[in-house]
Amino acid sequence: MDHFIIHGGRPLHGEIVIGGAKNAGLKLLVAGLLTSERLTLSNVPRIADIATMRTLLEQHGLNVMDLAGDGSVLSVGGDITNTEAPYDIVSKMRASILVLGPLLARCREARVSLPGGCAIGTRPVDLHLKGLETLGAEITLENGYIHARAPHGLKGERIILPFASVGATENLMMAATLAQGRTTIINAAREPEMLDLANCLNAMGAKISGAGGGTIVIDGVEALHGAEHRIMSDRIECGTYACAAAITGGDLRLIDGHIDHLGSVARALEECGVEVTQDGNVMRVRRTGALRGIDIMTEPYPGFPTDMQAQFMALLSVAEGASMITETIFENRFMHVPELNRMGARINVHGSSAIIRGVHGLSGAPVMATDLRASFSLIIAGLAAHGETILSRVYHLDRGYEAVERKLAACGAKIERVRG
Ligand SMILES: CC(=O)N[C@H]1[C@@H](OP(=O)(O)OP(=O)(O)OC[C@H]2O[C@@H](n3ccc(=O)[nH]c3=O)[C@H](O)[C@@H]2O)O[C@H](CO)[C@@H](O)[C@@H]1O
Ligand SMILES: C=C(OP(=O)(O)O)C(=O)O
């Protein structure tokens with residue numbers, strides 16, 4: 001298992017190119033199941049989750065071509081020969097559940113392993129299943145698998161989501177593109193990735209309006225066709241490097257970083273005393289003064305994203321005064337707290353809130369990654385800490401961040417990946 005060795009205390013200066021969004025790219029690849037023609041995606045991030053999604057689609061029978069030879073442009077096409085998503089892939093990557101709606105809509109049948117819980121929470125898929133039932137699917141659970149059938153096809157309906165679930169909105173939006181009649185999703189997730197997916201589906205011939213807002217209307221069509229689409233840039237990767245710049249008192253130009261997608265994250269950085277500006281497609285982040293503590297609550301978009309919570313906690317651990325972070329999306333997303341405390345942070349968890357008392361400095365230590373964003377929070381802490389930090393279980397990080405050590409080292413960080 002690879003690990004990172006980080007020697008902290010160096011401000012980051014320079015440029016980092018933000019890659020394509022993991023949380024958009026995964027669903028955009030799945031959209032390839034909705035047509036027999038080719039869907040070509042550019043700006044594909046070279047991360048482990050994309051490789052896993054590629055394996056999943058290939059075992060459904062799709063052919064995935066690497067057009068640029070470096071994984072950045074993928075073309076998906078061909079016939080679906082297998083409608084089963086097996087446990088060994090779904091249990092590795094929860095986004096696999098997104099194949100359920102498209103397989104059902106196109107093949108009228110699908111068998112997808114139940115994903116089960118993960119390190120950050122139980123993460124049930126009841127809203128996906130109820131929504132598909134509303135569209136006419138018959139769903140049974142047997143032997144750990146979801147078996148969904150719609151022998152006469154799906155039928156458009158009005159679906160009210162009790163919670164604005166990202167995955168349920170995407171699954172239902174994709175399924176509804178091939179349903180008969182109109183589907184209206186009320187209380188839909190409003191994350192920018194919804195709009196990216198809808199734009200791609202519309203380019204494939206779907207009729208979707210309202211994506212990015214709370215009500216999405218989908219008029220079903222007979223068939224979708226091929227298209228080309230550029231995946232939006234990753235707002236979470238952008239926010240993560242912004243925190244790294246801020247904690248080290250650095251100055252970073254984030255190419256293809258966008259304040260408007262970051263929204264509440266950019267505002268939180270400013271409240272902490274960090275300067276954030278936009279010039280064309282470059283977002284600049286720098287800090288010259290002291291960091292100030294603030295209170296944060298994670299919420300669905302446009303609120304503060306849970307996927308930035310761990311990285312902000314690392315930042316706030318060295319801010320002046322006390323901060324409070326309340327996590328409302330996942331019930332177990334504070335696994336980084338004991339690891340940050342091992343580096344000298346003073347953080348106490350009370351239920352869904354963490355109180356962070358700012359300290360003057362952190363000290364390097366051996367720490368362990370527990371999930372994707374927690375891993376990067378420990379890198380952020382390590383970049384600011386005195387001495388050596390050794391981060392193990394880097395495979396969590398590789399799920400969603402491309403070339404971390406290269407991007408950080410190019411800006412002055414002393415970070416090395418040790419293989420094995
Ligand atoms: C691949 C991807 O895009 N992952 C993102 C997606 O995950 P994901 O799509 O899984 O997130 P959801 O918005 O669906 O989940 C949010 C909350 O709703 C609950 N829930 C969800 C569905 C359901 O049927 N029943 C239910 O109770 C979940 O357990 C969780 O507590 O959005 C999350 C919230 O912004 C992000 O943290 C993830 O990075
Ligand atoms: C929680 C995340 O991803 P996933 O939903 O794929 O687990 C994340 O990107 O932080």
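All ligand and atom numbering here is 1-based and tracks the order in the structure. All values reported here derive from a predicted model rather than from experimental measurement.
At a 3.5 angstrom cut-off on N or O pairs, D307 counts as close to ligand 1.
Counting only heavy atoms of the protein, atom 23 (C) of ligand 1 lies nearest to P124 O, 3.0 Å. If you check which protein heavy atom lies closest to atom 34 (C) of ligand 1, you get T306 CG2, 4.0 Å. Considering only non-hydrogen protein atoms, atom 31 (O) of ligand 1 sits nearest to I329 O, 2.5 Å. Here the protein heavy atom with the shortest distance to atom 1 (C) of ligand 1 is N23 OD1, 3.3 Å. When only non-hydrogen protein atoms are considered, atom 17 (C) of ligand 1 lies nearest to F163 CE2, 3.7 Å. Counting only heavy atoms of the protein, atom 14 (O) of ligand 1 lies nearest to S165 OG, 2.6 Å. Ranking the protein heavy atoms by distance from atom 25 (N) of ligand 1 puts D126 OD1, 2.7 Å first.
Under 4.0 Å from ligand 1, not a single heavy atom of Y301 appears. Under 4.0 angstrom from ligand 1, there are no non-hydrogen atoms of R373. Of the heavy atoms in I236, none comes closer than 4.0 Å to ligand 1.
Close contacts between ligand 1 and G167 involve ligand atoms 9 (O), 14 (O) [criterion: under 4.0 Å to a heavy atom]. Atoms of ligand 1 lying under 4.0 Å from any heavy atom of H128, numbered from 1 in the order shown and given with element: 24 (O). Of all atoms in ligand 1, listed by their number and element, those nearer than 4.0 Å to a heavy atom of V125 are 23 (C), 24 (O). For ligand 1 and R333, the ligand atoms under 4.0 Å from any heavy atom of the residue are 37 (O).
A distance-only check finds no donor-acceptor pair linking the side chain of D256 to the backbone of I18 [under 3.5 Å]. Distance alone, capped at 3.5 Å, places no donor-acceptor pair between the H3 side chain and the L391 backbone. For D295 (side chain) and M324 (main-chain N/O), a donor-acceptor pair under 3.5 Å exists by modelled atom type. Between the side chain of R46 and the main chain of D70, a donor-acceptor pair closer than 3.5 Å is present. Remark: the backbone N or O of D79 is not paired with any side-chain donor or acceptor of S36 at under 3.5 angstrom.
Taking CD of E237 as the reference point, atom NZ of K22 lies at 12.0 Å (rounded to 0.5 Å).
Note that atom 38 (C) of ligand 1 has protein non-hydrogen atoms nearby, at separations under 4.0 angstrom.
Residue Y87 places its OH atom among 12 or fewer non-hydrogen atoms of other residues, nucleotides or ligands, all under 6.0 Å distant. No more than 12 heavy atoms of other residues, nucleotides or ligands sit less than 6.0 Å from atom CZ of R253. No more than 12 heavy atoms of other residues, nucleotides or ligands lie within 6.0 Å of NZ in K92, so this atom counts as exposed by the packing criterion. No more than 12 heavy atoms of other residues, nucleotides or ligands lie within 6.0 Å of CG in N143, so this atom counts as exposed by the packing criterion. Counting non-hydrogen atoms of other residues, nucleotides and ligands closer than 6.0 Å to NE2 of H152 gives a total of 12 or fewer. For R393, the CZ atom counts as loosely surrounded, since its 6.0 Å shell holds 12 or fewer non-hydrogen atoms of other residues, nucleotides or ligands.
With atom 7 (O) of ligand 1 as the reference point, the heavy atom nearest to it among R94, M53, E299, R123 is part of R123. In the candidate list L127, V166, L372, V166 is nearest to atom 11 (O) of ligand 1, counting heavy atoms.
A 4.5 Å side-chain heavy-atom check between T52 and R399 finds every atom pair outside the cut-off. Using a 4.5 Å heavy-atom cutoff, the side chains of T183 and V217 are not in contact. Contact annotation: the side chain of M308 approaches that of I236 to within less than 4.5 Å [non-hydrogen atoms, C-beta and beyond].
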Which N or O atoms of ligand 2 sit under 3.5 Å from a protein N or O, and how far apart is each pair?
{"residue": "ligand 2", "atom": "3 (O)", "partner": "K22", "partner atom": "NZ", "Å": "3.0"}
{"residue": "ligand 2", "atom": "5 (O)", "partner": "R123", "partner atom": "NH2", "Å": "2.7"}
{"residue": "ligand 2", "atom": "6 (O)", "partner": "K22", "partner atom": "NZ", "Å": "3.1"}
{"residue": "ligand 2", "atom": "6 (O)", "partner": "R399", "partner atom": "NH2", "Å": "2.8"}
{"residue": "ligand 2", "atom": "7 (O)", "partner": "R123", "partner atom": "NH1", "Å": "2.9"}
{"residue": "ligand 2", "atom": "7 (O)", "partner": "R399", "partner atom": "NH2", "Å": "3.4"}
{"residue": "ligand 2", "atom": "9 (O)", "partner": "K22", "partner atom": "NZ", "Å": "2.9"}
{"residue": "ligand 2", "atom": "9 (O)", "partner": "R373", "partner atom": "NE", "Å": "3.4"}
{"residue": "ligand 2", "atom": "9 (O)", "partner": "R373", "partner atom": "NH2", "Å": "2.7"}
{"residue": "ligand 2", "atom": "10 (O)", "partner": "D307", "partner atom": "OD1", "Å": "3.2"}
{"residue": "ligand 2", "atom": "10 (O)", "partner": "R333", "partner atom": "NH2", "Å": "3.0"}
{"residue": "ligand 2", "atom": "10 (O)", "partner": "R373", "partner atom": "NE", "Å": "2.7"}

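Close to ligand 1: K27, with a non-hydrogen atom less than 4.0 angstrom away.
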